[in-house]
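Data block below; observations after.
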Number of protein chains: 2
Amino acid sequence: MKDIRVLLVDDHPVVRAGLRAMLGDFEGIAVAAEAADGGAALAELSRLHTLGEPVDVVLMDLQMGTGMDGVTATGRIKAGEAGQPAPPVLILTTYDTDADILAAVEAGASGYMLKDAPPEQIRQAVLAAAAGQTALAPEVAARLMGRIRNPEPVLSAREIQLLELLATGLGNRAIAKQLFISEATVKTHLVHIYGKLGVDNRTAAIAVASQRRIIRRF
Amino acid sequence: MKDIRVLLVDDHPVVRAGLRAMLGDFEGIAVAAEAADGGAALAELSRLHTLGEPVDVVLMDLQMGTGMDGVTATGRIKAGEAGQPAPPVLILTTYDTDADILAAVEAGASGYMLKDAPPEQIRQAVLAAAAGQTALAPEVAARLMGRIRNPEPVLSAREIQLLELLATGLGNRAIAKQLFISEATVKTHLVHIYGKLGVDNRTAAIAVASQRRIIRRF
DNA sequence: ACCCGGGTCAACCAAAAGGTTGATAATGCC
DNA sequence: GGCATTATCAACCTTTTGGTTGACCCGGGT
């Protein structure tokens with residue numbers, strides 16, 4: 001049986017070395033190439049494709065220090081930009097926030113693993129991905145289950161808009177002026193936001209909202 | 001010449017494998033042991049110390065998923081809890097915010113490197129640490145230089161500590177309890193912080209501080 | 001010895017934010 | 001037509017923050 005050919009995509013040389021060593025120790029898995037960001041990954045895939053040596057699985061980090069991020073790259077790979085058929089993309093990242101997971105799945109990822117997973121788990125995930133199956137880390141699966149059972153309150157567009165101004169440090173009066181509404185309305189919105197986020201002051205609201213990636217992060 | 005014996009401390013098996021492979025390729029450096037968190041690191045150091053095989057350098061991550069974090073572990077190593085003389089601790093982490101750097105240096109770290117550094121840079125840092133010198137990543141060094149040239153507002157360590165609690169959404173009373181100081185003192189610190197950052201409320205302070213990478217945010 | 005900056009605390013007042021109730025209006029859905 | 005949701009505003013009150021002044025202690029440097 002031929003080895004499963006893997007493309008590593010991660011901006012950290014240390015992590016790439018670790019995966020190379022780890023995967024190299026496994027039977028039936030070979031590291032075909034590496035890339036430091038999404039753009040390089042697309043280029044590598046194209047190159048290998050035209051060489052007639054397509055990769056079977058892409059192991060992709062989400063946050064790259066510089067260059068194209070993992071979600072974008074996944075989407076473009078799945079769109080066939082690096083040759084058809086597009087290989088399965090297995091996300092291997094550090095964080096497991098709802099927004100990250102959803103974005104990755106929407107982009108077409110066929111798995112989501114965490115970097116602190118034991119080697120055996122990563123091996124299983126690569127095999128599953130190569131076989132066309134999906135592979136979720138237990139932690140990730142558990143979180144999705146919890147979310148389905150108990151869906152978190154959804155903020156309205158207006159509330160998110162307010163939250164963004166809030167995060168810039170504006171006071172209620174300034175926010176009111178920005179949005180052409182009265183200060184009273186701002187306060188009403190804030191009360192609703194606090195309720196939905198489970199907090200009782202603006203700084204905590206910002207902390208929770210940015211942690212859940214409801215608003216942008218710096 | 002005897003090899004430099006290194007202890008790896010990182011909660012990610014992947015990263016440990018990467019460092020093991022990377023350092024193993026270098027002449028004069030050998031990985032003596034590994035640990036998945038600060039507690040395990042202390043235990044390993046003690047064990048090796050009593051065996052008469054002390055390590056020469058500790059390569060330590062800052063944020064461990066679970067267990068004792070890197071700053072705490074560094075402090076306790078430097079306090080001699082794992083045998084005297086305490087080995088130099090080289091921080092190898094992902095983020096380079098003022099808060100992280102200051103905490104590490106205060107705990108007694110003799111270097112601060114970033115995980116996306118090229119292998120050669122990491123090698124140099126390990127050699128420097130083993131020789132009793134300090135080793136800062138160029139990015140970190142540049143930031144410190146910029147701060148020296150610029151007499152811009154320099155926040156004290158205490159003020160940064162406050163800022164971090166602030167960003168979690170705590171009120172003044174809660175912050176006071178956390179730091180074992182009075183609410184009056186918290187307010188005094190806040191006024192100073194506002195002055196230095198050029199703002200007049202807590203949310204704006206958080207916005208500015210995270211934008212200037214004084215504190216870290218998700 | 002002296003001064004200075006950092007950290008600590010207190011008292012006071014003004015301003016802002018938080019919490020509650022209640023009301024109006026537009027929207028979309030069953 | 002009713003119903004729920006969202007957005008809007010007001011009045012009222014309590015709590016928290018912000019701003020100021022002044023004070024004490026400690027450690028480092030001139």
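So that the names make sense, note that chain A is the first sequence line, chain B the second, and so on, each numbered from 1. This structure is a prediction, so every number in the text was calculated from the model and none was measured.
When each of V6(B), I4(B), D3(B) is tested with D56(B) by the rule side chain to side chain contact (heavy atoms under 4.5 Å, CB included), just one qualifies, namely I4(B). When the options I175(A), V186(A), T188(A) are evaluated for a side chain to side chain contact (heavy atoms under 4.5 Å, CB included) with I181(A), the one that passes is V186(A). Between T93(B) and the choices D10(B), L62(B), D100(B), the side chain to side chain contact (heavy atoms under 4.5 Å, CB included) rule is met once, by L62(B).
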Per-nucleotide protein contact string for nucleotides 19-30 of chain C, where B marks a base within reach and S marks sugar-phosphate only (heavy atoms under 4.0 Å, - for neither): BB----------
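As a whole-Å value, the separation of L190(B) CG from dT8(C) C1' is 14 Å. Straight-line distance from the CZ atom of F180(A) to the C1' atom of dC9(D): 18 Å, rounded to whole Å. The separation between E183(A) atom CD and dA17(C) atom P is 7 Å, rounded to whole Å.
For the side chain to side chain donor-acceptor pair (under 3.5 Å) condition, the pairs that include at least one residue of residues 79-92 of chain A, sequence neighbours left out, are R76(A)-E81(A).
For E120(B), the salt bridge (charged side-chain N to carboxylate O under 4.0 Å, His left out) test picks out R123(B), with sequence neighbours left out. Taking K78(A) as the reference, nothing meets the side-chain hydrogen bond (donor to acceptor under 3.5 Å, both in side chains) condition, with sequence neighbours excluded. Among residues two or more places apart in sequence or in another chain, the side-chain contact (heavy atoms from CB on, under 4.5 Å) test is passed with S156(B) by R158(B), E159(B). Scanning for side-chain hydrogen bond (donor to acceptor under 3.5 Å, both in side chains) contacts around T94(A) gives an empty result, with sequence neighbours left out. Every salt bridge (charged side-chain N to carboxylate O under 4.0 Å, His left out) that E34(B) has, sequence neighbours left out, goes to R16(B), R20(B). Applying the salt bridge (charged side-chain N to carboxylate O under 4.0 Å, His left out) test to R202(A) and every residue at least two apart in sequence or in another chain returns nothing. Shown here are the salt bridge (charged side-chain N to carboxylate O under 4.0 Å, His left out) partners of D116(A), two or more places apart in sequence or in another chain: there are none.
Within residues 170-179 of chain B, the residues having any heavy atom under 4.0 Å from DNA chain D are, by residue number, G171(B), N172(B), R173(B).
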Between the protein and nucleotides 5-7 of chain D, are there any N/O to N/O pairs under 3.5 Å, and if so, what are the atom names and distances?
residue : atom : partner : partner atom : Å
dA7(D)  : OP1  : S156(A) : OG           : 3.3
dA7(D)  : OP1  : R158(A) : N            : 3.4
dA7(D)  : OP2  : S156(A) : OG           : 2.7

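Rounded to 10 degrees, the angle separating the terminal axes of the helix from dG5(C)-dC26(D) to dC30(C)-dG1(D) is 40°, with each axis obtained from five end pairs.
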side-chain contact (heavy atoms from CB on, under 4.5 Å) assessment of L92(A) paired with L19(A): CA-CA 10 Å; L92(A) 181 68; L19(A) 289 171; 3.7 Å; yes
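Between the side chains of S182(A) and T185(A), a donor-acceptor pair is found at a separation under 3.5 Å.
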